[in-house]
Amino acid sequence: LLSQPTIPDADRGRILRDLGQAFSDYRLKVYEDGFTGKHTIGGNELVEFFDLAIDYFDHAIRANRREDGLYHAYNLLAFGPQKDAASISYLYEMLEGQVAVLSSGALDLGQAAELIQSMFDSKLYREDQRSFMLYPERSLRRFLQRNIIPERSLDAVRLLKALIEEGDQTLVARDEFGEYRFHHSIQRKADLETQLDRLEQHDHWAQLVADDREQVIDLFEEVFSHKTYTGRSGTMYGYEGLGCIYWHMVSKLLLAVQENVFGAIEQQSKVMAEALAYSYYLVRGGLSSDKTPQEYGAFPTDPYSHTTRHSGAQQPGMTGQVKEEILTRQGEMGIRVRNGEVQFQPFLLRRREFLNDAMTFTYFDIDGEEKTAELPDKSLAFTVCQVPFVYQLVDSSFKVRVSFADGTSESFDQQFLSQSLSQKLFQRTGEIARVDVNIPRKRVAFA
C-alpha cells in the first residue's frame with residue numbers, strides 16, 4: 001500500500017503513524033490486562049489470510065525490482081520534512097536480498113533465470129573467486145575526510161554562519177586545515193539537540209535556533225548518514241565486511257537456484273530446467289569443492305566462514321554453509337521427499353560422480369557398526385538415514401531394488417519408494433538394509 005505512487009507522501013506518513021499507534025495501544029493493553037482469551041477461527045479464514053498476505057508480499061517484491069534486474073533488499077524509511085510525510089530510499093545491492101527473492105516463489109522460471117544472470121553481471125560478482133560478495137566493494141573515506149561540512153551547506157544555514165562569524169564553536173569548529181566540522185563533543189543526534197536547546201535559552205540565538213533547528217539536524221544526518229550505517233558490513237575488510245565473500249550466503253544461493261531447477265522439472269519445462277541447471281553449476285563452481293587449495297587458500301573440503309579480498313579462506317569451523325551443502329548435495333543425488341515418499345530425480349547428477357573402477361564402500365549402519373559394500377564400475381554410493389543407496393548407470397530403464405535385513409528383497413519399475421518403505425527408512429527401523437537404483441545413462445545429462 002505504502003509503495004503505491006498515487007498515495008501522497010503526507011498520507012503515507014499518516015498511515016504509518018496510525019498503524020504504529022494502533023500496535024502501541026494493543027501492546028500496552030496486553031501489558032496491563034493480559035490476553036482476553038482464545039478465539040476459534042475456521043480453516044478457510046486462515047487460508048484467506050495467508051493468501052492475502054502472500055499477495056502483499058509478492059507486490060512488495062515486484063515493487064523492489066531494480067533497473068539492473070536485481071532487487072532492493074534493505075529499504076530506508078524517512079519522515080519529513082513536511083509534517084506526516086514519509087519517503088523510502090534504498091541501500092546498495094545485497095546478495096541476501098537476491099537469495100530471498102529466488103527462494104520466495106514470487107518469480108516465474110524466466111524471471112528467476114534473468115535474476116541469476118543479472119547477478120553475474122552485477123557488482124556483487126568477484127571474478128577472481130568466481131563467486132559473490134555480500135555487498136559491492138567500495139572505498140571508505142579516511143578518518144580525516146569524515147565529518148567535513150561542505151561550505152555550500154554551511155552558507156545555507158544562517159545559524160551556523162552566525163556562530164562561525166562570532167567564533168562560537170558550540171556546534172561547528174574549523175580545523176587547522178580550514179575544514180568545518182561538527183564539534184567533537186557532538187556524537188549523535190541527541191547531543192546535537194542538547195546543544196541546540198542550550199543555545200535557544202539565550203535570547204541572542206533563540207530566534208535563529210527556532211528557524212534553523214531542522215536544517216541543522218538534517219545537515220548533521222547529511223554529513224554522517226547514520227541511517228545508512230550497516231555495522232561491520234560497511235566498515236570492516238574482514239568477516240562479512242567490504243570485499244568479502246560470505247560462504248554461507250553463497251551456499252544459500254546455491255540452494256535457492258536448485259529449488260528453481262526442481263520447480264522447472266515439476267512444471268515439465270525441460271528448457272528452463274536445463275538453463276537453470278547450467279546456472280546452478282556456475283554457482284557451484286565458485287564454491288570450495290570445485291577449487292584447488294591454491295585458489296581457495298585452504299583445504300577445499302573444509303568449511304570456512306569467509307574470503308577477504310586480500311587473503312584466502314578465513315575462520316574455519318562448522319559454519320552455516322554445512323547445512324545448505326547437505327541439502328544441495330541430496331538434491332544433486334536426486335533424493336527428494338514428496339508426499340511422504342522418497343523420490344529419485346537425478347536431474348543434476350553428473351557423470352563424473354560415477355566410479356570408473358570397482359571399489360569398496362565403507363559406511364556405518366544405524367547401530368553404529370562399520371559395514372562395507374562392494375561397488376562395481378559406473379556406480380556410486382551414499383547413505384540416507386544410515387542406509388546405503390547404490391546408483392548404477394544402465395542402458396535400460398529405471399529400477400529400484402530394496403534389500404531387507406531378513407535377506408528378502410523387492411524390486412519396482414518406478415522412481416520412488418512407497419510411503420510405507422519411506423517411513424521405515426525415516427524411522428530407522430533397521431528393516432531396510434540397502435537400496436539399489438538403476439539409472440538410465442541417458443538421464444544423466446551433465447558431465
Side-chain angles (χ1 to χ4, degrees), residues 1-36 39 41 45-68 70-101 103-107 134-135 153 156-157 186-194 196-197 209-231 233-234:
L1 176 64
L2 295 174
S3 63
Q4 293 288 349
T6 55
I7 297 178
D9 285 349
D11 288 342
R12 289 195 184 99
R14 176 181 53 76
I15 292 169
L16 284 172
R17 182 194 61 207
D18 292 347
L19 283 173
Q21 189 62 52
F23 281 118
S24 179
D25 292 344
Y26 174 76
R27 183 180 67 251
L28 292 174
K29 185 70 174 175
V30 171
Y31 288 165
E32 293 172 359
D33 303 327
F35 292 103
T36 56
H39 174 65
I41 62 174
E45 291 180 82
L46 278 176
V47 171
E48 290 174 2
F49 170 76
F50 291 137
D51 286 342
L52 181 62
I54 289 173
D55 286 342
Y56 277 96
F57 291 149
D58 288 349
H59 166 77
I61 291 171
R62 289 192 297 270
N64 278 281
R65 189 178 187 278
R66 296 159 43 106
E67 290 185 0
D68 60 4
L70 301 182
Y71 286 78
H72 293 296
Y74 284 82
N75 297 346
L76 303 174
L77 178 65
F79 294 93
Q82 293 81 25
K83 186 178 184 299
D84 287 340
S87 62
I88 295 173
S89 57
Y90 307 103
L91 286 178
Y92 37 78
E93 307 95 307
M94 295 192 180
L95 176 59
E96 58 189 310
Q98 318 317 309
V99 173
V101 170
S103 296
S104 69
L107 306 185
L134 279 174
Y135 329 92
S153 300
V157 184
I186 301 174
Q187 301 178 22
R188 53 196 182 124
K189 180 181 176 182
D191 299 332
L192 178 61
E193 290 183 323
T194 297
L196 288 167
D197 290 341
V209 171
D211 292 342
D212 293 348
R213 174 184 287 268
E214 291 304 320
Q215 276 187 279
V216 173
I217 292 173
D218 289 344
L219 179 57
F220 184 70
E221 176 58 28
E222 176 188 328
V223 170
F224 289 100
S225 192
H226 290 108
K227 68 180 181 181
T228 63
Y229 178 68
T230 55
S233 66

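Hydrogens, waters and symmetry mates are skipped; everything else that's a heavy atom, side chains included, is used. Counting from 1, the numbers follow the sequence of the chain as shown.
- Nearest heavy atom pair, residue Asp191 against residue Gln187, reads OD2-N, 3.0 Å.
- Residues Leu16 and Leu77 have side chains in contact (heavy-atom distance under 4.5 Å, counting atoms from C-beta outward).
- Salt bridge annotation for Asp218-Arg213: absent, with no cationic side-chain nitrogen under 4.0 angstrom from a carboxylate oxygen.
- For the pair Met94/Leu134, no side-chain contact is recorded, criterion being any heavy-atom separation below 4.5 Å from C-beta on.
- Interatomic distance, OG1 of Thr36 versus NE2 of His39, reported as 10.0 Å (0.5 Å rounding).
- You'll find the side chain of Gln21 reaches within 4.5 Å of the side chain of Asp25, heavy atoms only.
- Partners of Arg62 by side-chain contact (heavy atoms from CB on, under 4.5 Å), not counting sequence neighbours, listed by chain and number: Asp58, His59.
- Separation of atoms OG (Ser24) and NZ (Lys29) is listed at 13.5 Å; rounding is to 0.5 Å.
- Counting all heavy atoms, side chain and backbone alike, Ala73 lies closest to Gly97 at CB-CA, 3.6 Å.
- Tyr90 is listed as a side-chain neighbour of Ile88, based on a closest heavy-atom distance under 4.5 Å.
- Rounding to the nearest 0.5 Å places CD of Glu96 at 3.5 Å from OH of Tyr74.
- Within the model, atoms NE2 of His72 and OG of Ser89 stand 10.0 Å from one another, a figure rounded to the nearest 0.5 Å.
- Heavy-atom neighbours of Arg188 CZ from other residues, nucleotides or ligands within 6.0 Å: at or below the threshold of 12.
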Next on the checklist: Let's go through Asn64 and Asn75 carefully: what are the C-alpha distance in whole Å and the side-chain angles of both, what is the deciding distance for side chain to side chain contact (heavy atoms under 4.5 Å, CB included) to 0.1 Å, and is it a yes or a no?
Outcome noted: CA-CA 9 Å; Asn64 278 281; Asn75 297 346; 2.8 Å; yes

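- In this structure, Thr194 contributes its side chain and Ala190 its backbone to a donor-acceptor pair below 3.5 Å.
- Atom CG of residue Leu196 and atom CG of residue Leu192 lie 4.5 Å apart, to the nearest 0.5 angstrom.
- Side-chain atoms of Ser104 and Tyr71 form no donor-acceptor pair, as typed in the model, at a separation below 3.5 Å.
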Please tabulate, for side-chain N and O atoms in residues 220-228, each donor-acceptor pair with protein atoms closer than 3.5 Å (sequence neighbours left out).
unit_1, atom_1, unit_2, atom_2, d
Glu221, OE1, His226, N, 3.4
Glu221, OE2, His226, N, 3.0
Glu221, OE2, Lys227, N, 3.1
Ser225, OG, Thr228, OG1, 2.7
Thr228, OG1, Ser225, O, 2.9

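- Under the side-chain hydrogen bond (donor to acceptor under 3.5 Å, both in side chains) criterion, Asp212 pairs with no residue at all, not counting sequence neighbours.
- Separating the CG atom in Leu70 from the OH atom in Tyr92 is a distance of 15.0 Å, to the nearest 0.5 Å.
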